[in-house]
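Down below is the structure, laid out as structure tokens.
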Amino acid sequence: MITVFADQYLYEIDSFLPESVDLRLYDPAQGLPKNLHKAHALLIRTVNAITPQTLPEIPEKLTFIGTGSAGTDHVDQSYLKEQGITFANAAGCNARSVAEYVITSLLLWAEKETESLQDLSVGIIGVGEVGTQVEQQLEKLQMSTICYDPPREERESPFRSSSLEEVLSADILTFHTPLVSDGNWPTYHWLNEKKLSSRQFRLIINTARGGVIDEQSLLQSHQNKNVSNFILDVWEDEPDLRPSTAEEAFFKTPHIAGYSIQAKQNASKFIADPLIEHFDLSTAPSKGQTEGQTIEGTVDNFGSLGELLHQLHPLKKYEARLQHILNNHRDQRGELFNKLRAEFPLRNEFSHIQLPASYFDRFPVLTDLGFGLIGQSE
Ligand SMILES: O=C(O)[C@H](O)[C@H](O)COP(=O)(O)O
């Protein structure tokens, strides 16, 4: 029998694995499980790093490690390769969720700052699965985009990246790169003092990884009014976010841009499938479609699209809880940051929220954003 140790917050992981598997859930707040010598496979999330320091001896039976995340900067993949461990991540699992976070926060920002989004350009740094979704959603809001991804241009011949100069001419920058410290295209501190002082930015959004932006320089540029606003979902010292940066952020959230029921189901499936293949197991019984959610009530309750999105996306609820942690439990903020991420109820993506017809009459863009109409299945 194959024994699989899995982070207890990997969403519905039991339903993506065959019943023949001996599944043992562990609490990631306690670090990697102590009795890993029993495991054939280990399934983690970003909160537990896999490096020669955290896992100095690879247990004899362990041949497969998966992370239910798109990002892999917490895993030393060369180390796993040397040790003959098969590794899988969940690339693209949360692309849609992150794109929805970006557009929701942009709409809320534009309303509050009385900005007209159609008049602003967005530079997308990193145009993989997430950046591509972000580009598509921004186009639906009729915003112009400048896509920057030179390593993708090297890998994929039809793809053309904008130049650095072009992307830095955008009014808004949004980050969707992995965090990479070496090689030809490092992203660590990609947005540094030099780039930040190249022009005035209206808004910087980071939902990628904290280290991609030099947080100290960002804060400085905000104080110098070179960056009007910034929205951070990821933090350089995560989970111990710096209160000084958090206080100045236009929105601050605890690394949840990619959190939705659908993204988390994808994450579990995207690592369960290669595990099944690796051990040549029979596939798990297929799961039915998740039901989604229906919103009742009159659209007149909402004065603006921003107000409606505020109800449908929990961005500001997460923010309020994060603020509460900073105000009342600053010394425990790292631990509580992770707890908030793990325990706050997940949202549905827009395609799994159905609204009455009057909502679409009032805000036609809701169709483009992917919301469903009550009574009309996809
Ligand atoms: O890399 C990713 O997929 C995202 O950052 C994701 O939100 C990470 O989720 P976690 O593994 O921390 O639950």
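Side chains included, hydrogens not; waters and symmetry mates left out as well; all remaining heavy atoms used. Keep in mind the model is a prediction, meaning the values are calculated, not measured. Remember, it's 1-based here, ligands and their atoms both numbered in the order they're listed.
- For atom 7 (O) of ligand 1, the choice among Y9, Y259, Y11, F270 with the nearest heavy atom turns out to be Y259.
- Taking every non-hydrogen atom of G71 and a distance limit under 4.0 Å, the qualifying atoms of ligand 1 come out as 1 (O), 2 (C), 3 (O).
- Using cut-offs of 30° and 60° on the angle between ring planes, the pair F250 and W109 is perpendicular.
- A donor-acceptor contact closer than 3.5 angstrom is absent between the side chains of E349 and S97.
- The single protein non-hydrogen atom nearest to atom 8 (C) of ligand 1 is T46 CG2, 3.6 Å, given as residue, atom name and distance.
- Heavy atoms of K264 found under 4.0 angstrom from ligand 1 belong exclusively to the side chain.
- Grouped by direct or indirect side-chain proximity (heavy atoms under 4.5 Å, Ile/Leu/Val/Met/Phe/Trp/Tyr only), L281 sits with I2, V4, L10, I13, L17, V21, L23, L25, L43, F64, I271, L275, I276, F279.
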Could you walk me through whether R199 and D171 pass the salt bridge (Lys or Arg N to Asp or Glu O under 4.0 Å) check? CA-CA 9 Å; R199 63 157 294 161; D171 303 299; 3.6 Å; yes
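- Residue V365 comes nearest to L141 through the heavy atom pair CG2-CD2, 3.9 Å, listed as atom of the first residue, atom of the second, then distance.
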Begin with the C-alpha distance, continue with both residues' side-chain angles, and end with the deciding distance and a verdict on ring pair (Phe, Tyr, Trp, His ring centres under 6.0 Å) for F350 and F371. CA-CA 5 Å; F350 295 167; F371 288 96; 4.3 Å; yes
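- With sequence neighbours left out, Q137 forms a side chain to side chain donor-acceptor pair (under 3.5 Å) with no residue at all.
- In terms of protein heavy atoms, atom 5 (O) of ligand 1 is closest to H255 NE2, 2.6 Å.
- Proximity to R341 (heavy-atom distance under 4.0 Å) selects the following atoms of ligand 1: 7 (O), 8 (C), 9 (O), 10 (P), 12 (O), 13 (O).
- By the criterion of a heavy-atom distance under 4.0 Å, the side chain of N94, and not its backbone, is placed next to ligand 1.
- Residue contacts with ligand 1: C93 is placed with no nitrogen or oxygen under 3.5 Å of a nitrogen or oxygen of the ligand (distance criterion only).
- The shortest N/O to N/O separation between A70 and ligand 1 falls below 3.5 Å.
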